[in-house]
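In listed order, ligands and their atoms are each counted from 1. Values reported hereafter were calculated over all heavy atoms of this structure, with side chains retained and with hydrogens, waters and symmetry mates removed.
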Amino acid sequence: MAVTRTFSIIKPDATRRNLTGAVTKMLEEAGLRVVASKRIQMTRQQAEGFYEVHKERPFYGELVDFMVSGPVVVQVLEGEDAVKRNRDVMGATNPADADEGTIRKAYAESIEANSVHGSDSDENADKEIRFFFDEDELVG
Ligand code: CMP
């Protein structure tokens, strides 16, 4: 299995509850390495751009409002089959459907305030990493 990278966001509901370390611990215990990380206040323009694929969805406006409601931690994670590994430890989008042992089962408040985002493909991981990080910030 190849070592690949994925992109993660620890969302405002988790940073607000001081869960950055707890979430990161679960990512690390799942075999992912944090190779870049920064805590940022996303601008509305960044949030709209990042979630552009969901523009026509009814929840888009509220999703953007939520993502700018407090600081987030954007991270690049590396590991074997990183996209799937991260999605497995995150659990289902809706915490009501998330399996035991997943981040969303442990910490998510709702389908919107669901504590973490993770890329859904290698191609999107690459795009999402480049959306938030410059090459020289990926220190390994
Ligand atoms: P994320 O992986 O960040 O990608 C899109 C986000 O939209 C998703 O996680 C959820 O937090 C959010 N969202 C809010 N409402 C819904 C919904 N009804 N269905 C899917 N995603 C939703």
Can you give me a line-by-line list of nitrogen or oxygen pairs between ligand 1 and the protein shorter than 3.5 Å?
| from | atom 1 | to | atom 2 | distance (Å) |
| --- | --- | --- | --- | --- |
| ligand 1 | 2 (O) | His117 | ND1 | 3.2 |
| ligand 1 | 3 (O) | Lys11 | NZ | 2.8 |
| ligand 1 | 3 (O) | Tyr51 | OH | 2.6 |
| ligand 1 | 3 (O) | His117 | ND1 | 3.1 |
| ligand 1 | 9 (O) | Lys11 | NZ | 3.2 |
| ligand 1 | 11 (O) | Lys11 | NZ | 3.1 |
| ligand 1 | 11 (O) | Ile111 | O | 2.9 |
| ligand 1 | 11 (O) | Glu112 | O | 3.3 |
| ligand 1 | 11 (O) | Asn114 | OD1 | 3.3 |
| ligand 1 | 11 (O) | Asn114 | ND2 | 3.3 |

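- Of the charged side-chain nitrogens involved, at least one lies within less than 4.0 Å of a carboxylate oxygen, so that Arg44 and Asp65 count as a salt-bridged pair.
- Partners of Glu56 according to the salt bridge (Lys or Arg N to Asp or Glu O under 4.0 Å) rule, which considers only residues two or more places apart in sequence or in another chain, do not exist here.
- Checked for salt-bridge contact, Glu48 and Lys55 miss the test: no charged N lies under 4.0 Å from a carboxylate O.
- Among pairs with a residue in residues 80-131, those fulfilling ring-ring contact (aromatic ring centres under 6.0 Å, His included) read Phe50-His117, Phe50-Phe131, at least two apart in sequence or across chains.
- Residues satisfying the side chain to side chain donor-acceptor pair (under 3.5 Å) criterion with Asp81, sequence neighbours excluded, are absent altogether.
- Within 6.0 Å of NZ on Lys25 lie no more than 12 heavy atoms contributed by other residues, nucleotides or ligands.
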